[in-house]
Amino acid sequence: MDKVIFIVIALVMIFVIVYRKNAGKNVYKYIITGVGNVYNKYAPYSFKEVRAKVKELGQEYTPKQYATQALIFAAAAFGVSYLYFYNIIISIIYSAAAVLVVPYLAYLRCKRIYSEFIFEQVQVYTTNTIMEFATTQSFVKALEGVYESDVLEDPFKTDVKIMIDMAYQNGTIDQSIQFMNTKYNYYVVRNMHQLFLQITNEGAKDSSEALENMSLDIDMLVENVYRDRIDRAAFHKKFVQFGVVLYLMVMLVQFLLGVSTYIGLLDDIGIQLLLHGILIVNTYFLLSGEKYYNENVGAE
(Lines give C-alpha, C1' and ligand atoms only; values in the text may rest on other atoms or scores of the structure.)
Protein backbone atom coordinates (compact mmCIF):
# COMPACT_ATOMS: atom_id res chain seq x y z
CA MET A 1 0.00 0.00 0.00
CA ASP A 2 2.85 2.36 0.87
CA LYS A 3 4.45 1.62 -2.45
CA VAL A 4 1.24 2.53 -4.30
CA ILE A 5 0.97 5.83 -2.39
CA PHE A 6 4.57 6.64 -3.26
CA ILE A 7 3.99 6.00 -6.97
CA VAL A 8 0.85 8.16 -6.96
CA ILE A 9 2.73 11.03 -5.34
CA ALA A 10 5.57 10.61 -7.83
CA LEU A 11 3.11 10.80 -10.71
CA VAL A 12 1.67 13.99 -9.23
CA MET A 13 5.19 15.44 -9.11
CA ILE A 14 5.74 14.58 -12.77
CA PHE A 15 2.42 16.21 -13.64
CA VAL A 16 3.46 19.38 -11.80
CA ILE A 17 6.73 19.45 -13.76
CA VAL A 18 4.93 19.08 -17.09
CA TYR A 19 2.37 21.72 -16.14
CA ARG A 20 5.11 24.05 -15.06
CA LYS A 21 6.88 23.56 -18.36
CA ASN A 22 3.82 24.52 -20.38
CA ALA A 23 2.96 27.43 -18.10
CA GLY A 24 6.51 28.73 -18.33
CA LYS A 25 6.37 28.69 -22.11
CA ASN A 26 3.10 30.59 -22.06
CA VAL A 27 4.52 33.26 -19.78
CA TYR A 28 7.61 33.66 -21.93
CA LYS A 29 5.43 33.76 -25.04
CA TYR A 30 3.30 36.46 -23.44
CA ILE A 31 6.35 38.55 -22.60
CA ILE A 32 7.78 38.29 -26.11
CA THR A 33 4.44 38.92 -27.82
CA GLY A 34 3.68 41.90 -25.61
CA VAL A 35 7.02 43.55 -26.17
CA GLY A 36 7.18 42.85 -29.89
CA ASN A 37 10.21 42.82 -32.07
CA VAL A 38 13.08 43.88 -29.86
CA TYR A 39 16.07 41.63 -30.19
CA ASN A 40 17.34 39.35 -32.91
CA LYS A 41 20.33 37.13 -33.36
CA TYR A 42 23.57 38.86 -32.53
CA ALA A 43 26.44 39.08 -34.98
CA PRO A 44 27.96 35.68 -35.79
CA TYR A 45 31.21 35.97 -33.86
CA SER A 46 32.89 32.95 -32.30
CA PHE A 47 32.34 32.32 -28.60
CA LYS A 48 35.99 33.10 -27.95
CA GLU A 49 35.46 36.63 -29.24
CA VAL A 50 32.15 36.87 -27.39
CA ARG A 51 33.78 35.97 -24.10
CA ALA A 52 36.65 38.38 -24.73
CA LYS A 53 34.11 41.17 -25.19
CA VAL A 54 32.30 40.20 -22.00
CA LYS A 55 35.63 40.41 -20.15
CA GLU A 56 36.28 43.81 -21.73
CA LEU A 57 32.87 44.96 -20.48
CA GLY A 58 33.87 43.86 -16.98
CA GLN A 59 31.00 41.38 -16.67
CA GLU A 60 32.89 38.10 -16.82
CA TYR A 61 33.10 36.09 -13.60
CA THR A 62 36.46 35.77 -11.89
CA PRO A 63 38.02 32.31 -11.31
CA LYS A 64 37.04 32.66 -7.63
CA GLN A 65 33.41 33.31 -8.57
CA TYR A 66 33.38 30.30 -10.90
CA ALA A 67 34.94 28.13 -8.18
CA THR A 68 32.34 29.32 -5.66
CA GLN A 69 29.56 28.57 -8.14
CA ALA A 70 30.95 25.08 -8.74
CA LEU A 71 31.15 24.38 -4.99
CA ILE A 72 27.57 25.57 -4.45
CA PHE A 73 26.30 23.41 -7.30
CA ALA A 74 28.23 20.38 -6.06
CA ALA A 75 27.03 20.79 -2.48
CA ALA A 76 23.42 21.34 -3.56
CA ALA A 77 23.48 18.32 -5.88
CA PHE A 78 24.99 16.17 -3.16
CA GLY A 79 22.40 17.24 -0.59
CA VAL A 80 19.40 16.85 -2.88
CA SER A 81 20.46 13.51 -4.34
CA TYR A 82 21.23 12.17 -0.87
CA LEU A 83 17.68 13.04 0.21
CA TYR A 84 16.46 11.00 -2.75
CA PHE A 85 18.69 7.92 -2.48
CA TYR A 86 20.55 8.01 0.87
CA ASN A 87 23.58 6.77 -1.05
CA ILE A 88 26.92 8.60 -0.90
CA ILE A 89 28.23 7.11 -4.15
CA ILE A 90 25.18 8.25 -6.11
CA SER A 91 25.39 11.68 -4.48
CA ILE A 92 29.04 12.04 -5.51
CA ILE A 93 28.12 11.21 -9.12
CA TYR A 94 25.37 13.83 -9.11
CA SER A 95 27.78 16.37 -7.58
CA ALA A 96 30.30 15.78 -10.36
CA ALA A 97 27.56 16.14 -12.97
CA ALA A 98 26.42 19.40 -11.38
CA VAL A 99 29.93 20.86 -11.63
CA LEU A 100 29.96 20.06 -15.36
CA VAL A 101 26.93 22.32 -15.78
CA VAL A 102 28.90 25.43 -14.71
CA PRO A 103 30.77 25.92 -18.05
CA TYR A 104 27.49 25.54 -19.94
CA LEU A 105 25.83 28.22 -17.81
CA ALA A 106 28.84 30.48 -18.33
CA TYR A 107 28.48 29.96 -22.08
CA LEU A 108 24.80 30.95 -21.98
CA ARG A 109 25.44 33.94 -19.76
CA CYS A 110 28.20 35.32 -21.99
CA LYS A 111 26.02 35.01 -25.06
CA ARG A 112 23.20 36.90 -23.34
CA ILE A 113 25.48 39.72 -22.22
CA TYR A 114 27.00 39.97 -25.68
CA SER A 115 23.57 39.98 -27.31
CA GLU A 116 22.43 42.81 -25.02
CA PHE A 117 25.63 44.72 -25.78
CA ILE A 118 25.10 44.37 -29.54
CA PHE A 119 21.55 45.64 -29.24
CA GLU A 120 22.76 48.69 -27.33
CA GLN A 121 25.24 49.31 -30.13
CA VAL A 122 22.41 49.00 -32.66
CA GLN A 123 20.52 51.66 -30.72
CA VAL A 124 23.52 54.01 -30.68
CA TYR A 125 24.28 53.37 -34.37
CA THR A 126 20.77 54.01 -35.65
CA THR A 127 20.07 57.02 -33.42
CA ASN A 128 23.33 58.80 -34.20
CA THR A 129 23.24 58.00 -37.91
CA ILE A 130 19.80 59.61 -38.18
CA MET A 131 21.04 62.69 -36.31
CA GLU A 132 24.10 62.98 -38.54
CA PHE A 133 22.06 62.45 -41.70
CA ALA A 134 19.67 65.24 -40.72
CA THR A 135 22.68 67.60 -40.82
CA THR A 136 24.71 66.22 -43.73
CA GLN A 137 21.94 64.80 -45.95
CA SER A 138 24.49 62.16 -46.98
CA PHE A 139 24.47 58.58 -45.73
CA VAL A 140 28.24 58.11 -46.11
CA LYS A 141 28.99 61.43 -44.41
CA ALA A 142 26.60 60.45 -41.63
CA LEU A 143 28.48 57.17 -41.17
CA GLU A 144 31.78 59.03 -41.05
CA GLY A 145 30.38 61.38 -38.42
CA VAL A 146 29.21 58.47 -36.26
CA TYR A 147 32.52 56.65 -36.70
CA GLU A 148 34.66 59.68 -35.83
CA SER A 149 32.55 60.58 -32.80
CA ASP A 150 33.71 57.40 -31.01
CA VAL A 151 30.24 56.62 -29.70
CA LEU A 152 30.52 53.06 -31.00
CA GLU A 153 32.62 50.18 -29.71
CA ASP A 154 34.13 47.23 -31.51
CA PRO A 155 33.08 45.08 -33.24
CA PHE A 156 30.34 47.49 -34.34
CA LYS A 157 32.72 50.40 -34.89
CA THR A 158 34.95 48.33 -37.17
CA ASP A 159 31.94 47.20 -39.19
CA VAL A 160 30.87 50.82 -39.72
CA LYS A 161 34.38 51.57 -41.04
CA ILE A 162 34.00 48.64 -43.43
CA MET A 163 30.72 50.16 -44.63
CA ILE A 164 32.40 53.50 -45.31
CA ASP A 165 35.27 51.88 -47.21
CA MET A 166 32.86 49.77 -49.28
CA ALA A 167 30.80 52.85 -50.17
CA TYR A 168 33.83 54.74 -51.49
CA GLN A 169 35.22 51.68 -53.24
CA ASN A 170 31.96 50.76 -55.01
CA GLY A 171 30.61 54.25 -55.52
CA THR A 172 27.22 53.27 -54.05
CA ILE A 173 25.81 52.48 -50.62
CA ASP A 174 23.99 49.33 -51.75
CA GLN A 175 26.77 46.87 -50.88
CA SER A 176 27.45 48.62 -47.58
CA ILE A 177 23.82 48.33 -46.57
CA GLN A 178 23.64 44.69 -47.63
CA PHE A 179 26.77 43.96 -45.55
CA MET A 180 25.34 45.59 -42.42
CA ASN A 181 21.87 44.07 -42.82
CA THR A 182 23.42 40.62 -43.02
CA LYS A 183 25.74 41.21 -40.07
CA TYR A 184 23.10 42.75 -37.81
CA ASN A 185 19.75 41.39 -38.84
CA TYR A 186 17.54 43.69 -36.75
CA TYR A 187 14.39 45.11 -38.25
CA VAL A 188 15.23 48.63 -37.02
CA VAL A 189 18.57 48.45 -38.87
CA ARG A 190 16.94 47.15 -42.06
CA ASN A 191 14.20 49.79 -41.94
CA MET A 192 16.64 52.64 -41.39
CA HIS A 193 18.88 51.45 -44.23
CA GLN A 194 15.87 51.11 -46.51
CA LEU A 195 14.86 54.69 -45.73
CA PHE A 196 18.34 56.02 -46.47
CA LEU A 197 18.51 53.94 -49.65
CA GLN A 198 15.27 55.45 -50.92
CA ILE A 199 16.34 58.98 -50.04
CA THR A 200 19.72 58.50 -51.72
CA ASN A 201 18.53 56.73 -54.87
CA GLU A 202 15.17 58.42 -55.40
CA GLY A 203 15.78 61.76 -53.75
CA ALA A 204 13.51 63.56 -51.32
CA LYS A 205 12.78 67.24 -50.92
CA ASP A 206 12.07 66.93 -47.21
CA SER A 207 13.08 63.80 -45.34
CA SER A 208 12.81 65.33 -41.86
CA GLU A 209 9.40 63.83 -41.12
CA ALA A 210 10.49 60.32 -42.13
CA LEU A 211 13.65 60.62 -40.02
CA GLU A 212 11.65 61.87 -37.04
CA ASN A 213 9.26 58.92 -37.31
CA MET A 214 12.22 56.55 -37.49
CA SER A 215 13.68 58.12 -34.33
CA LEU A 216 10.36 57.65 -32.53
CA ASP A 217 10.31 53.99 -33.58
CA ILE A 218 13.79 53.53 -32.14
CA ASP A 219 12.82 55.21 -28.86
CA MET A 220 9.77 52.95 -28.56
CA LEU A 221 11.89 49.90 -29.31
CA VAL A 222 14.43 50.78 -26.64
CA GLU A 223 11.70 51.36 -24.07
CA ASN A 224 10.18 47.95 -24.84
CA VAL A 225 13.56 46.27 -24.67
CA TYR A 226 14.36 47.49 -21.17
CA ARG A 227 10.85 46.75 -19.93
CA ASP A 228 11.20 43.26 -21.35
CA ARG A 229 14.57 42.84 -19.65
CA ILE A 230 13.09 43.72 -16.24
CA ASP A 231 10.08 41.41 -16.72
CA ARG A 232 12.24 38.52 -17.85
CA ALA A 233 14.61 38.90 -14.91
CA ALA A 234 11.71 38.85 -12.45
CA PHE A 235 10.17 35.78 -14.06
CA HIS A 236 13.53 34.03 -14.22
CA LYS A 237 13.98 34.46 -10.45
CA LYS A 238 10.60 32.85 -9.75
CA PHE A 239 11.32 30.16 -12.32
CA VAL A 240 14.52 29.08 -10.52
CA GLN A 241 12.91 29.25 -7.08
CA PHE A 242 10.08 26.96 -8.13
CA GLY A 243 12.55 24.54 -9.71
CA VAL A 244 14.46 24.28 -6.43
CA VAL A 245 11.21 23.68 -4.53
CA LEU A 246 10.34 20.81 -6.86
CA TYR A 247 13.65 19.13 -6.04
CA LEU A 248 12.75 19.25 -2.35
CA MET A 249 9.29 17.73 -2.75
CA VAL A 250 10.89 14.41 -1.87
CA MET A 251 10.90 15.69 1.71
CA LEU A 252 7.11 15.89 1.56
CA VAL A 253 6.97 12.31 0.31
CA GLN A 254 9.16 11.15 3.20
CA PHE A 255 7.03 13.10 5.66
CA LEU A 256 3.88 11.36 4.40
CA LEU A 257 5.38 7.88 4.24
CA GLY A 258 7.90 8.07 7.03
CA VAL A 259 11.67 8.05 6.43
CA SER A 260 12.11 4.37 7.33
CA THR A 261 9.33 3.32 4.96
CA TYR A 262 10.79 5.53 2.22
CA ILE A 263 14.26 4.02 2.64
CA GLY A 264 12.72 0.56 2.43
CA LEU A 265 11.16 1.44 -0.91
CA LEU A 266 14.60 2.32 -2.28
CA ASP A 267 15.39 -1.40 -2.47
CA ASP A 268 13.04 -1.55 -5.45
CA ILE A 269 14.95 -0.84 -8.69
CA GLY A 270 11.79 0.56 -10.26
CA ILE A 271 11.45 3.17 -7.52
CA GLN A 272 15.09 4.14 -7.94
CA LEU A 273 14.67 4.56 -11.69
CA LEU A 274 11.59 6.69 -11.07
CA LEU A 275 13.54 8.93 -8.69
CA HIS A 276 16.40 9.26 -11.17
CA GLY A 277 13.83 10.18 -13.81
CA ILE A 278 12.32 12.90 -11.62
CA LEU A 279 15.75 14.41 -10.94
CA ILE A 280 16.80 14.28 -14.58
CA VAL A 281 13.52 15.69 -15.93
CA ASN A 282 13.51 18.59 -13.47
CA THR A 283 17.18 19.32 -14.17
CA TYR A 284 16.58 19.22 -17.92
CA PHE A 285 13.69 21.61 -17.58
CA LEU A 286 15.70 24.05 -15.46
CA LEU A 287 18.54 23.99 -17.99
CA SER A 288 16.07 24.47 -20.84
CA GLY A 289 14.65 27.48 -19.01
CA GLU A 290 18.14 28.90 -18.50
CA LYS A 291 18.88 28.40 -22.18
CA TYR A 292 15.67 30.15 -23.15
CA TYR A 293 16.27 33.04 -20.76
CA ASN A 294 19.83 33.62 -21.94
CA GLU A 295 19.48 32.95 -25.66
CA ASN A 296 15.97 33.81 -26.81
CA VAL A 297 15.91 37.36 -25.54
CA GLY A 298 13.40 38.40 -28.14
CA ALA A 299 12.70 37.53 -31.75
CA GLU A 300 11.33 39.03 -34.89
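Position 1 is the first residue of the sequence, and the numbers go up from there.
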N/O donor-acceptor pairs under 3.5 Å from side chains in residues 269-277, not counting sequence neighbours:
unit_1: Gln272; atom_1: NE2; unit_2: Leu266; atom_2: O; d: 2.6
unit_1: His276; atom_1: ND1; unit_2: Tyr94; atom_2: OH; d: 2.6

Distance-only polar pair, side chains of Thr283 and Tyr247, donor-acceptor under 3.5 Å: yes
Hydrophobic cluster identity match, Ile218 and Tyr226, side-chain contacts under 4.5 Å: yes
Gap between atom OG of Ser149 and atom CD of Glu144 - 0.5 Å precision: 12.0 Å
4.5 Å side-chain heavy-atom contact, Phe156 and Val124: no
Closest approach of Val50 to Cys110 (non-hydrogen atoms, all atoms of both residues): CG1-O, 3.7 Å
More than 12 heavy atoms from other groups under 6.0 Å of OH on Tyr61: no
Donor-acceptor side-chain pairing of Tyr114 and Gln59 below 3.5 angstrom: no
Over all atoms of both residues, closest heavy-atom pair of Ala74 and Ser95: O-OG, 3.0 Å
Flag if over 12 foreign heavy atoms under 6.0 Å of CZ, Phe255: no
Asn282 to Leu246 - nearest heavy-atom pair and separation: OD1-CD1, 3.5 Å
Residue pair Val122, Val189: steps toward the side-chain contact (heavy atoms from CB on, under 4.5 Å) verdict: CA-CA 7 Å; Val122 166; Val189 173; 3.5 Å; yes
Counterpart residues, side-chain hydrogen bond (donor to acceptor under 3.5 Å, both in side chains), relative to Thr126 (two or more places apart): none
Separation between OH of Tyr86 and OG of Ser81, rounded to the nearest 0.5 Å: 11.5 Å
Spacing of Tyr125 atom OH and Lys157 atom NZ [to the nearest 0.5 Å]: 15.0 Å
Residue pair Pro155 / Ile118: nearest heavy atoms and the distance that separates them: CG-CD1, 4.4 Å
Electrostatic pair Glu49-Lys53, nearest N-O below 4.0 angstrom: no
Separation of Leu143 CG from Met163 CE (nearest 0.5 Å): 5.0 Å
Residues that Thr62 engages under side chain to side chain contact (heavy atoms under 4.5 Å, CB included), provided they are two or more places apart: Lys64, Gln65
Atom CG of Leu248 with >12 non-hydrogen neighbours under 6.0 angstrom: yes
Joint hydrophobic cluster, Val240 plus Ile278, side-chain heavy atoms closer than 4.5 Å: yes
Row check, Phe119 ring normal vs Arg229 NZ/CZ: under 6.0 Å, within 45°: no
Val245-Ile280 co-clustered via ILVMFWY side chain contacts under 4.5 Å: no
Gln178 atom CD, over 12 foreign heavy atoms within 6.0 Å: no
Val253 with Ile263, same ILVMFWY side-chain cluster at under 4.5 Å: yes
Spacing of NZ belonging to Lys161 relative to CG belonging to Asp154, to within rounding of 0.5 Å: 12.0 Å
Proximity of Tyr293 and Phe239 rings by center, below 6.0 Å: no
Euclidean distance, Leu286 CG relative to Leu105 CG, rounded to 0.5 Å: 10.0 Å
Residue pair Lys141 / Thr135, side-chain heavy-atom distance below 4.5 Å: no
Ring centers of Phe285, Tyr292 separated by less than 6.0 Å: no
